[in-house]
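Comments concern the structure below.
No experiment lies behind these values; they were computed from the predicted model shown.
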Amino acid sequence: MAHIRLNGGGRCRMLSEYPFAEGTFKLCWKAEYLDGFRRGETAIIKQFKEGCVYEDYYFHEEMIIIGITEKIAEAFNKAKILGGDRLVRVSRPDIATSVNTGAKALVEPYIDMFEKFNSNSGWVNTDCGVAGDVMQALSHFSYHEWDGKYLLCDLQGGAYRDGFVLSDPIVLTKNGNLGPGDLGKEGMKAFFQKHRCNWFCKSHWRTPSGGGRSRIPSKKGTVYDLRSDSSRNPLSGLYW
């Protein structure tokens with residue numbers, strides 16, 4: 001399980017009552033592990049914002065996305081795309097419950113030197129050099145290896161001497177049914193509109209057939225599109 005970065009602690013305490021970062025659905029706090037093999041290390045607690053009535057749905061969905069990402073990372077590592085011993089690892093969170101409030105949250109190890117490499121709408125970080133090339137190749141690899149069924153994107157985390165650690169990715173699917181960040185075929189099209197194969201990509205890797213431009217504007221922030229029928233997502237009809 002070299003491609004997985006485990007949580008490694010059963011208990012932790014927040015280091016501040018105020019979150020240090022937030023996304024559309026979640027707030028993030030720094031914390032300290034109180035036990036386990038990560039005792040004394042810094043953790044991140046991610047809690048859904050108050051009023052997110054589909055909290056349980058999103059916890060379940062997030063773990064499915066992490067599971068798919070782990071399989072993609074494992075295949076990428078086995079293919080030796082990076083060469084040597086460098087690996088792509090995926091941070092696997094645990095679902096924890098506050099002893100004070102009973103609220104649930106995702107807990108995972110803190111990632112130092114955190115940066116975003118690409119988004120789910122085709123945006124690419126051109127300022128991170130080789131690390132950005134690797135992440136673009138990983139996204140392309142996922143589409144090729146899974147015959148166009150998946151495209152791993154919205155890649156963010158840390159780049160280190162021994163490889164990469166990723167957190168909170170998005171998996172695009174053909175049907176666009178894997179969460180609010182899954183932009184489906186339009187998202188896949190947006191990725192390949194901006195993608196330029198680099199020396200980590202292979203010439204035989206597949207790309208989508210058919211023309212036309214994606215209707216989705218390219219942006220650094222994660223794009224959420226929930227304007228589909230209710231079978232796709234319980235929050236359908238909303239847009240961020």
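Salt-bridge check for Arg89 with Asp162: passed, with a basic side-chain N closer than 4.0 Å to an acidic carboxylate O. Glu74 and Lys78 are joined by a salt bridge, as a carboxylate oxygen and a charged side-chain nitrogen come within less than 4.0 angstrom of each other. A salt bridge links Lys189 to Glu186: at least one charged side-chain nitrogen sits closer than 4.0 Å to a carboxylate oxygen.
Linking Ile, Leu, Val, Met, Phe, Trp and Tyr residues whenever their side-chain heavy atoms come within less than 4.5 Å places Ile64 and Ile72 in a single cluster. Under the 4.5 Å side-chain heavy-atom criterion for grouping Ile, Leu, Val, Met, Phe, Trp and Tyr, Met113 is connected to Val165 within one hydrophobic cluster. Using a 4.5 Å cut-off between side-chain heavy atoms of Ile, Leu, Val, Met, Phe, Trp and Tyr, with links allowed through other members, Leu152 and Ile68 fall into the same hydrophobic cluster. In the hydrophobic cluster analysis, where Ile, Leu, Val, Met, Phe, Trp and Tyr join through side-chain heavy atoms closer than 4.5 angstrom, Trp146 is grouped together with Phe76. Hydrophobic clustering of Ile, Leu, Val, Met, Phe, Trp and Tyr side chains at less than 4.5 Å, counting indirect connections, unites Leu166 with Leu82.
A donor-acceptor pair under 3.5 Å is formed between the side chain of Trp29 and the backbone N or O of Glu17. Between the side chain of Tyr150 and the backbone N or O of Thr69, no donor-acceptor pair lies under 3.5 Å. Using modelled atom types, one side-chain atom of Asp35 and one backbone atom of Gly10 make a donor-acceptor pair closer than 3.5 Å. Remark: side-chain polar atoms of Asp94 are not paired, donor with acceptor, to backbone N or O of Val107 under 3.5 angstrom. At least one donor-acceptor pair under 3.5 Å links the side chain of Ser218 to the backbone N or O of Trp123. When atom types are taken as modelled, the side chain of Ser121 and the backbone of Lys219 share a donor-acceptor pair closer than 3.5 angstrom. The closest donor-acceptor contact from the side chain of Glu61 to the backbone of Gly179 lies under 3.5 Å.
Under the 6.0 Å cut-off for aromatic ring centres, Phe200 and Phe141 do not qualify, their centroids lying 6.0 Å or more apart. For an aromatic pair to be called close, the ring centres must be under 6.0 Å apart, and His140 with Phe192 satisfies this.
In plain terms, the two heavy atoms of Gly187 and Leu172 that are nearest each other are C-CD1, 3.4 Å. Ile45 and Cys12 make their closest contact through CD1-SG, 3.9 Å (heavy atoms, listed as atom of the first residue, atom of the second, distance). When every heavy atom of Gln193 is checked against every heavy atom of Arg213, the shortest pair comes out as OE1-CA, 2.9 Å. Pairing each heavy atom of Ser142 with each of Ser139, the nearest pair is OG-O, 2.6 Å. Taking both residues in full, the closest heavy atoms of Arg38 and Pro109 are given as NE-CG, 3.3 Å, listed atom of the first, atom of the second, then distance. Across all non-hydrogen atoms, the minimal contact from Arg86 to Gly163 is NE-N, 3.9 Å.
Partner of Phe164 under the side-chain contact (heavy atoms from CB on, under 4.5 Å) criterion, chosen from Val88, Ile111, Leu138: Val88.
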**Q.** Intermediate values then yes/no, side-chain contact (heavy atoms from CB on, under 4.5 Å), Ile81 and Lys202
**A.** CA-CA 9 Å; Ile81 304 298; Lys202 307 301 179 184; 4.2 Å; yes
Q | Test side-chain contact (heavy atoms from CB on, under 4.5 Å) applied to Arg206 and Asp147, step by step | A | CA-CA 8 Å; Arg206 70 177 65 243; Asp147 296 324; 3.1 Å; yes
Q) After noting the C-alpha distance and the side-chain angles of Asp168 and Lys46, does the key distance pass the side-chain contact (heavy atoms from CB on, under 4.5 Å) rule? A) CA-CA 10 Å; Asp168 275 344; Lys46 301 175 181 178; 2.8 Å; yes
(Q) Ile170 vs Ile65, test: side-chain contact (heavy atoms from CB on, under 4.5 Å). Steps then yes/no. (A) CA-CA 7 Å; Ile170 283 175; Ile65 293 169; 5.8 Å; no
Q: Mind running side-chain hydrogen bond (donor to acceptor under 3.5 Å, both in side chains) on Ser167 and Glu108 for me, showing each step along the way?
A: CA-CA 9 Å; Ser167 176; Glu108 63 184 73; 2.7 Å; yes
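In this structure, Lys116 places its NZ atom where more than 12 heavy-atom neighbours from other residues, nucleotides or ligands lie under 6.0 Å away. The 12-atom threshold is not exceeded at CZ of Arg39, counting heavy atoms of other residues, nucleotides or ligands nearer than 6.0 Å. At most 12 non-hydrogen atoms from other residues, nucleotides or ligands lie less than 6.0 angstrom from OH of Tyr18.
Here CG of Asn120 is found 9.0 Å from CG of Asp182. Values are rounded to the nearest 0.5 Å. Interatomic distance, CD1 of Ile95 versus NE2 of His60, reported as 9.5 Å (0.5 Å rounding). Rounded to the nearest 0.5 angstrom, Phe117 CZ and Asp133 CG are separated by 11.5 Å. Note: Cys153 SG to Leu183 CG = 7.5 Å, rounded to the nearest 0.5 Å. Atom CG of Leu178 is separated from atom OG1 of Thr173 by 6.0 Å, given to the nearest 0.5 angstrom. Here Tyr160 contributes atom OH and Leu87 contributes atom CG; the two are 14.5 Å apart, rounded to the nearest 0.5 Å.
The side-chain heavy atoms of Tyr143 and Lys149, taken from C-beta on, include no pair separated by under 4.5 Å. Looking at Gln47 and Lys26, their side chains never come closer than 4.5 Å, going by heavy atoms from C-beta outward. Two residues are said to be in side-chain contact when any heavy atoms from C-beta on lie closer than 4.5 Å; Met14 and Lys30 fail this criterion. At least one side-chain heavy atom of His204 sits under 4.5 Å from a side-chain heavy atom of His144. Counting heavy atoms from C-beta outward, Tyr110 and Glu41 have side chains that stay 4.5 Å or more apart.
Between the side chains of Asp154 and Thr222, at least one donor N or O lies within less than 3.5 Å of an accepting N or O. With hydrogens and angles left out, the side-chain atoms of Gln136 and Asn118 include a donor and acceptor closer than 3.5 Å. With 3.5 Å as the limit, one finds a donor-acceptor pair spanning the side chains of Ser98 and Thr101. When only modelled atom types and interatomic distance are considered, Tyr33 and Asn7 share a side-chain donor-acceptor pair under 3.5 Å.
Relative ring orientation between Phe48 and Phe59 is described as perpendicular, the plane-to-plane angle rising above 60° on a 0-90° scale split at 30° and 60°.
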